[in-house]
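Structure record follows, encoded as structure tokens.
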Amino acid sequence: MEMFLDQKPDKKQTYTGVMVVLILLFMLGLVLVLTSATIGLSTANAEMAKNGGVMDTAMYQYIMSNTAESYRIVGAILSLITGVGALLAGLVGYKQKNA
């Protein structure tokens, strides 16, 4: 354990790790945005199944649309933040490489 504490972190490895995490989170956000309608539909179907297969149409629509919208918002925010972060990290890496 002590041998790891004495070593300085490798900047290239750290940069690569950060970029991989940012890109994976960006892709997760895109998946959430693109599948939000399916997630909303399956959530509404699950709620209807809990009620014995009977539910008011307005409530079914409400659950479906609100769930889909929630996932869409979370996915968009995640994609936006991590996408900008990946671009900024790429710009910093590019500048350091050419400096």
Side-chain angles (χ1 to χ4, degrees):
M1 181 73 175
E2 288 181 26
M3 65 184 231
F4 292 117
L5 294 176
D6 294 337
Q7 294 177 347
K8 299 245 184 212
D10 182 21
K11 286 185 180 183
K12 190 173 184 178
Q13 238 178 357
T14 303
Y15 173 76
T16 304
V18 167
M19 284 301 287
V20 167
V21 168
L22 287 173
I23 290 170
L24 288 175
L25 287 173
F26 176 75
M27 290 171 48
L28 175 65
L30 285 180
V31 167
L32 286 174
V33 169
L34 296 174
T35 61
S36 62
T38 305
I39 294 169
L41 184 62
S42 63
T43 303
N45 287 336
E47 288 299 316
M48 187 165 61
K50 278 188 204 176
N51 288 336
V54 179
M55 182 182 275
D56 181 42
T57 306
M59 181 57 76
Y60 180 86
Q61 184 68 30
Y62 177 80
I63 292 170
M64 184 176 65
S65 62
N66 280 353
T67 303
E69 189 65 24
S70 296
Y71 277 93
R72 193 173 299 122
I73 290 169
V74 168
I77 291 170
L78 188 61
S79 290
L80 183 68
I81 290 172
T82 57
V84 169
L87 287 174
L88 290 176
L91 181 65
V92 168
Y94 178 76
K95 283 185 176 180
Q96 286 179 351
K97 192 177 190 182
N98 290 337

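Taking the side chain to side chain donor-acceptor pair (under 3.5 Å) definition, one finds that Gln96 meets it with nothing, sequence neighbours left out. Scanning for salt bridge (charged side-chain N to carboxylate O under 4.0 Å, His left out) contacts around Lys50 gives Glu47, with sequence neighbours left out. Take Ser79 and apply the side-chain contact (heavy atoms from CB on, under 4.5 Å) test, not counting sequence neighbours, and it matches Phe26, Leu30. Under the side-chain contact (heavy atoms from CB on, under 4.5 Å) criterion, Asn98 pairs with Tyr94, not counting sequence neighbours. For Leu34, there are no side-chain contact (heavy atoms from CB on, under 4.5 Å) partners, not counting sequence neighbours. Judged as a side-chain contact (heavy atoms from CB on, under 4.5 Å), and not counting sequence neighbours, the contacts of Tyr60 are Leu41, Ala44, Asn45, Met48, Met55, Met64.
Apart from Val18 itself, the hydrophobic cluster it occupies contains Leu22, where clustering links Ile, Leu, Val, Met, Phe, Trp and Tyr at side-chain heavy-atom distances under 4.5 Å. Counting side-chain heavy-atom gaps under 4.5 Å among Ile, Leu, Val, Met, Phe, Trp and Tyr, Val54 is found in no cluster with other residues.
Counting only residues at least two apart or in different chains, salt bridge (charged side-chain N to carboxylate O under 4.0 Å, His left out) contacts with residues 82-92 are absent. Applying the salt bridge (charged side-chain N to carboxylate O under 4.0 Å, His left out) test to pairs two or more places apart or on separate chains, those with a residue in residues 61-78 are Glu69-Arg72. Within the structure, salt bridge (charged side-chain N to carboxylate O under 4.0 Å, His left out) contacts touching residues 13-24 (residues at least two apart or in different chains) do not occur. Listed by first then second residue, pairs satisfying salt bridge (charged side-chain N to carboxylate O under 4.0 Å, His left out) with a partner in residues 84-99 number zero, not counting sequence neighbours.
Scanning both residues, Met19 and Gly90, for their nearest heavy atoms gives SD-N, 4.1 Å. Across all non-hydrogen atoms, the minimal contact from Val74 to Leu32 is CG1-CD1, 4.3 Å.
At a threshold of 4.5 Å between side-chain heavy atoms, the hydrophobic network of Ile, Leu, Val, Met, Phe, Trp and Tyr places Val21 and Leu28 in one connected group.
The backbone N or O of Thr38 sits nowhere less than 3.5 Å from a side-chain atom of Tyr71 that would complete a donor-acceptor pair.
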